Amino acid sequence: MIHPASGFRGTRAGVTEGTGFSFESEDHGKALPRIQVSYWCAKGHETRPVFVKLPEDQIPLVWDCRRCGAAASRDGQAAAAADAVDDGYKTHLEYVKERRSGQDAEDVLAGALEKLRARGVLADELLRDT
């Protein structure tokens, strides 16, 4: 059971000023001023998130594009430059290629195919060198 003096009872998560418990009054306070900021990615997609009105230096300079996931900036030129820089994201295949050489990959593939052939799952004629 929730304690009646709990600070969470009757409150809601939102950006309002002067809100209290829901049983105190029907007036939930007034909404804080908001602004909508435009960001553009290197592909030209525009993303417009809404922020609470903050000082200019507290609004993020870079935001993720909602359409392609690339970095988007408030001016299109910086987005193209940021996109050219590698952000450190690597695919699973890139990590595997760092750990294994091409010969290692061939050996693993040959072993896996041999196991499938031994179980009768893969016909001997398939994937053989011609």
Side-chain angles (χ1 to χ4, degrees):
M1 182 172 157
I2 298 175
H3 191 273
S6 171
F8 295 109
R9 182 177 175 167
T11 61
R12 65 186 178 96
V15 185
T16 56
E17 180 179 60
T19 58
F21 299 110
S22 61
F23 54 82
E24 288 181 359
S25 126
E26 291 298 318
D27 181 24
H28 290 289
K30 51 188 174 182
L32 293 175
R34 300 169 190 234
I35 58 170
Q36 197 169 29
V37 180
S38 293
Y39 292 88
W40 290 272
C41 71
K43 295 180 182 177
H45 303 141
E46 182 181 14
T47 301
R48 300 187 70 197
V50 176
F51 297 101
V52 173
K53 186 134 175 103
L54 297 169
E56 189 68 26
D57 62 336
Q58 291 184 3
I59 296 175
L61 297 175
V62 179
W63 198 259
D64 290 339
C65 176
R66 289 186 179 170
R67 291 185 66 195
C68 66
S73 68
R74 295 170 76 179
D75 59 345
Q77 292 80 25
D83 196 39
V85 177
D86 184 22
D87 62 354
Y89 174 77
K90 294 180 184 177
T91 64
H92 175 71
L93 182 59
E94 289 170 328
Y95 280 113
V96 170
K97 286 181 178 180
E98 284 180 0
R99 292 191 316 264
R100 299 186 186 268
S101 67
Q103 184 59 43
D104 289 342
E106 291 292 326
D107 294 342
V108 169
L109 177 62
L113 291 175
E114 194 58 41
K115 286 179 184 177
L116 288 172
R117 287 189 186 105
R119 288 183 7 204
V121 174
L122 189 63
D124 289 335
E125 305 84 38
L126 293 177
L127 299 175
R128 291 259 186 217
D129 292 334
T130 56

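Side chains are part of it too, since the values below use all heavy atoms of this structure and drop only hydrogens, waters and symmetry mates. Keep in mind the model is a prediction, meaning the values are calculated, not measured.
Pairing each heavy atom of C41 with each of A72, the nearest pair is N-CB, 3.7 Å. Taking each heavy atom of L54 and Q58 in turn, the nearest pair found is CD2-OE1, 3.7 Å.
Expressed to the nearest 0.5 Å, how far SG of C65 lies from OH of Y39 amounts to 13.0 Å. Of the inter-residue distances, the one linking R34 atom CZ with L32 atom CG reads 7.5 Å to the nearest 0.5 angstrom. The OG atom of S101 sits 7.5 Å away from atom CG of D107, with the distance rounded to the nearest 0.5 Å.
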Given the rule in the side chain to side chain donor-acceptor pair (under 3.5 Å) test, do R66 and T47 qualify, once you have shown the distances and angles that lead to the verdict? CA-CA 6 Å; R66 289 186 179 170; T47 301; 5.5 Å; no

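Side-chain contact between V37 and R48: absent, with no pair of heavy atoms (C-beta onward) separated by less than 4.5 Å. In this structure, R74 and I59 have side chains that are in contact, with non-hydrogen atoms separated by less than 4.5 Å. Taking the side chain as every heavy atom from C-beta outward, W63 and P49 approach each other to under 4.5 Å. In this structure, F51 and P60 have side chains that are in contact, with non-hydrogen atoms separated by less than 4.5 Å. You'll find the side chain of V108 reaches within 4.5 Å of the side chain of R100, heavy atoms only. You'll find the side chain of C68 reaches within 4.5 Å of the side chain of H45, heavy atoms only.
Two different hydrophobic clusters hold L109 and V96 under the rule that ILVMFWY side chains link at heavy-atom gaps under 4.5 Å.
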